[in-house]
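Everything on this sheet refers to the single structure shown next.
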Amino acid sequence: MKNIITQFSRLFVGVLFIISGLIKLNDPVGFSYKLAEYFSEPVFNMPFLEPLALGLAIFLVILEVVLGVMLLVGYKSKLTIWALLLLIVFFTFLTFYSAYFDVVKDCGCFGDALHLTPWQSFTKDIVLLFFILILFINKKLVKPLFSTPVTNIITYASVILCIFMAVWVLNHNPIKDFRPFKVGTNIEKGMEIPEGAPKSVVEMIFIYKVNGVDKEFTEKDLANIPEGATFVDRKDKVITEGYVPPIHDFTMMKDDSDYKEELLKEPKLLLYVTYDLALSNPDGMKKLESLTKDAKAKGYKVIAMTASGADEIAKAKKQYGLDIDFYFCDAIPLKTIERSNPSIVVLQNGTVVQKVHYNDITDLKL
């Protein structure tokens, strides 16, 4: 019975680690955005780690896949189980912190393929921790499935294939796109809220300075605010999260006006997405001038979207010879659209018909 439970745990943990790792390895840039969120000031306040987010993301997802393979084939089982235990303890801490302090809404455990709430992510890690502890207690029962040479070949091959996949998706686009802006998506429909969808329950919190100390009051407490208290601020506290459409916070702002409705009706719209012009790839940006001329000659309206300021926009237009209008959108939805900086997107009446990495501009069919 003990052996059956141990082997089930081995299969369950190994397969789940491989699936979870491969989903994130398909989109390591997206996972790096999630790690950067953990490193940000509101969460762990370690901004010095943000530049390392992509490298760390690639290392973690490859480690996740390879450890799953190692467990299944029985390669160095004691070392593998120790590594799995340390990794799941680390992930459990992260998901608990996210859930308890409500700082990161989605851990990114399964990328954009499956979104879990913070408490769901924590529960998933507790379940994994339970099965890994079973493996830890019964390490002697986790034996190799094949001879040593075959086990070594499978393990080393998994490392090489993971590295190859990482290099590929970093220089192109994810092999499978799970994002809300994938090809075939109509952006306007993605922003719609279905009739009867649950609405958010929000409580207004009023902050008053009382005897030199900031104190919070709800609407019900307003009558009890002490005399002499000074109003400081008001914030909204979400009690229950309502329906959030797949595409939200998407704007196309220029001169304080949102041109989204107008631009999403364009029959032929070529869109350059670069959430931060200061971080955009110079070689990729250099390719846009000739693409712009070719697209305009074929009747396309060509624009760019960025979260950068006016100075960065002016600098980029001059440096790369871009005679196009730039529209503002928050960095978060732009990061959701793109995995290369810049990305090239073709829209027809608001529907995404093509998306390419700047390395694959020759694949565009205009």
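Values in this document were obtained by computation on a predicted structure and should not be read as measured data. Residue numbers run from 1 in the order of the sequence given.
- The number of heavy atoms from other shown groups lying within 6.0 Å of OH (Tyr243) is above 12.
- Under a hydrophobic-cluster definition in which Ile, Leu, Val, Met, Phe, Trp and Tyr are linked whenever side-chain heavy atoms come within less than 4.5 Å, directly or via other members, Ile175 and Phe181 are assigned to the same cluster.
- Of all the heavy atoms in Pro245 and Gly190, the pair that sits closest is CB-O, 3.5 Å.
- Aromatic ring centres of Tyr272 and Phe326: separated by at least 6.0 Å.
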Inset, instruction - Please assess Lys296 against Thr292 for the test side chain to side chain donor-acceptor pair (under 3.5 Å), listing each intermediate value before the final yes or no. - result: CA-CA 6 Å; Lys296 284 184 176 181; Thr292 299; over 6 Å; no
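- Between the side chain of Ser20 and the backbone N or O of Leu16, no donor-acceptor pair lies under 3.5 Å.
- Scanning all heavy atoms of the two residues, the minimum distance from Val65 to Ile18 falls at O-CG1, 3.8 Å.
- Environment of CG in Asp323: sparse, with no more than 12 heavy atoms of neighbouring residues, nucleotides or ligands closer than 6.0 Å.
- Side-chain contact annotation: Ser280 with Asn341, donor-acceptor N/O pair under 3.5 Å absent.
- Between Asp27 and the choices Lys176, Arg179, Arg339, the side chain to side chain donor-acceptor pair (under 3.5 Å) rule is met once, by Arg339.
- Open room surrounds NZ on Lys76; 12 or fewer heavy atoms of other groups in view lie less than 6.0 Å from it.
- Under a hydrophobic-cluster definition in which Ile, Leu, Val, Met, Phe, Trp and Tyr are linked whenever side-chain heavy atoms come within less than 4.5 Å, directly or via other members, Ile153 and Tyr75 are assigned to different clusters.
- A cation-pi arrangement, defined by a distance under 6.0 Å to the six-membered ring centre and an angle within 45 degrees of its axis, is absent between Lys317 and Tyr320.
- At distances below 3.5 Å, at least one donor-acceptor pair connects side-chain atoms of Arg10 with backbone N or O atoms of Leu71.
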Legend entry - Test log, rule salt bridge (charged side-chain N to carboxylate O under 4.0 Å, His left out), inputs Glu37 and Lys34: CA-CA 5 Å; Glu37 189 177 351; Lys34 188 59 59 179; 3.3 Å; yes
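- Atom CG of Leu49 sits in a crowded spot, with more than 12 heavy atoms from other residues, nucleotides or ligands closer than 6.0 Å.
- In this pair, Tyr275 and Tyr33 present their aromatic rings perpendicular. The plane angle is above 60°, beyond the 30 to 60° band.
- Screening Asp360, Asn359, Asp363 for a side chain to side chain donor-acceptor pair (under 3.5 Å) with His172, the sole residue that qualifies is Asp360.
- One N or O on the side chain of Lys268 and one on the backbone of Lys298 form a donor-acceptor pair closer than 3.5 Å.
- Proximity of Leu72 to Leu11: side-chain heavy atoms (C-beta onward) are separated by under 4.5 Å at one or more points.
- Atom NZ of Lys260 and atom CD1 of Ile187 lie 10.0 Å apart (nearest 0.5 Å).
- The closest donor-acceptor contact from the side chain of His357 to the backbone of Val169 lies at 3.5 Å or more, if one exists at all.
- When every heavy atom of Glu312 is checked against every heavy atom of Ser308, the shortest pair comes out as CB-CB, 3.8 Å.
- Under the 4.5 Å side-chain heavy-atom criterion for ILVMFWY residues, a single connected hydrophobic cluster contains both Val142 and Val150.
- The two residues Leu288 and Pro342 come nearest to each other via the heavy atoms CD1-CG, 4.1 Å.
- Of the possible polar contacts, none joining the Ser9 side chain to the Ile134 backbone as a donor-acceptor pair under 3.5 Å is found.
- Cluster membership for Val66 and Leu86, using ILVMFWY side-chain heavy atoms within less than 4.5 angstrom, is not shared.
- Put simply, the side chain of Lys315 does not reach to within 4.5 Å of the side chain of Leu277, judged on heavy atoms.
- With values rounded to the nearest 0.5 angstrom, Leu87 atom CG is found 5.0 Å from Phe17 atom CZ.
- Glu203 places no side-chain N or O within 3.5 Å of a backbone atom of Glu219 that could act as its donor or acceptor partner.
- In summary, the side chains of Asp221 and Thr218 do present a donor paired with an acceptor at a separation below 3.5 Å, with no hydrogens or angles considered.
- Not one N or O on the side chain of Asp255 forms a donor-acceptor pair closer than 3.5 Å with the backbone of Ser257.
- Between Trp119 and Phe122, the angle of the ring planes goes over 60°, which puts this pair in the perpendicular group of the 30/60° scheme.
- In terms of heavy-atom proximity, Ala229 sits nearest to Val210 at CB-CG2, 3.9 Å.
- The line from CG of Leu25 to CD1 of Ile163 is 10.0 Å long, rounded to the nearest 0.5 Å.
- Phe250 is listed as a side-chain neighbour of Met305, based on a closest heavy-atom distance under 4.5 Å.
- Ser343 and Ser340 share a side-chain donor-acceptor pair at under 3.5 Å.
- With values rounded to the nearest 0.5 angstrom, Leu56 atom CG is found 8.0 Å from Phe59 atom CZ.
- Side-chain contact between Asn26 and Leu22 is absent, with no heavy-atom pair separated by less than 4.5 Å.
- Around the CG atom of Asn3, the shell of radius 6.0 Å holds more than 12 heavy atoms that belong to other residues, nucleotides or ligands.
- For the side-chain contact (heavy atoms from CB on, under 4.5 Å) with Ser32, the lone residue among Leu54, Ile58, Val61 that qualifies is Leu54.
- With rounding to the nearest 0.5 angstrom, the NZ atom of Lys2 is 5.5 Å from the CG atom of Asn138.
- Checking side-chain atoms of Thr185 against main-chain N and O of Lys182 turns up a donor-acceptor pair under 3.5 Å.
- Ring geometry for Phe12 versus Phe131: interplanar angle of 30 to 60°, hence tilted.
- Counting heavy atoms from C-beta outward, Asp249 and Ile332 have side chains that stay 4.5 Å or more apart.
- Enclosure of atom CZ in Phe48 by more than 12 non-hydrogen atoms of other residues, nucleotides or ligands within 6.0 angstrom is indicated.
- Within a 6.0 Å radius of NZ in Lys189, no more than 12 heavy atoms belonging to other residues, nucleotides or ligands are found.
- Ser77 is not listed as a side-chain neighbour of Lys139, based on a closest heavy-atom distance of 4.5 Å or more.
- For the atom pair Met253 CE and Asp258 CG, the distance stands at 5.5 Å (nearest 0.5 Å).
- Across every non-hydrogen atom of Pro28 and Ala57, the tightest pair is O-CB, 3.9 Å.
- Side-chain contact between Leu270 and Leu291: present, with at least one pair of heavy atoms (C-beta onward) separated by less than 4.5 Å.
- The backbone N or O of Gly284 lies less than 3.5 Å from a partner atom in the side chain of Asn281, making a donor-acceptor pair.
- Between Tyr208 and Phe217, the ring planes lie perpendicular to each other; the angle is over 60°, past the 30° to 60° tilted range.
- Counting non-hydrogen atoms of other residues, nucleotides and ligands closer than 6.0 Å to CG of Asn45 gives a total above 12.
- Lys365 is not listed as a side-chain neighbour of Val346, based on a closest heavy-atom distance of 4.5 Å or more.
- Of the candidates Asn349, Asn186, Leu347, Leu347 is the only one forming a side-chain contact (heavy atoms from CB on, under 4.5 Å) with Leu264.
- Between the side chain of Thr306 and the backbone N or O of Thr274 there is at least one donor-acceptor pair closer than 3.5 Å.
- Hydrophobic cluster membership is shared by Val73 and Ile62, with clusters built from Ile, Leu, Val, Met, Phe, Trp and Tyr side chains linked at under 4.5 angstrom.
- Between Tyr38 and Phe44, the ring-plane angle classifies as parallel under the 30° and 60° cut-offs.
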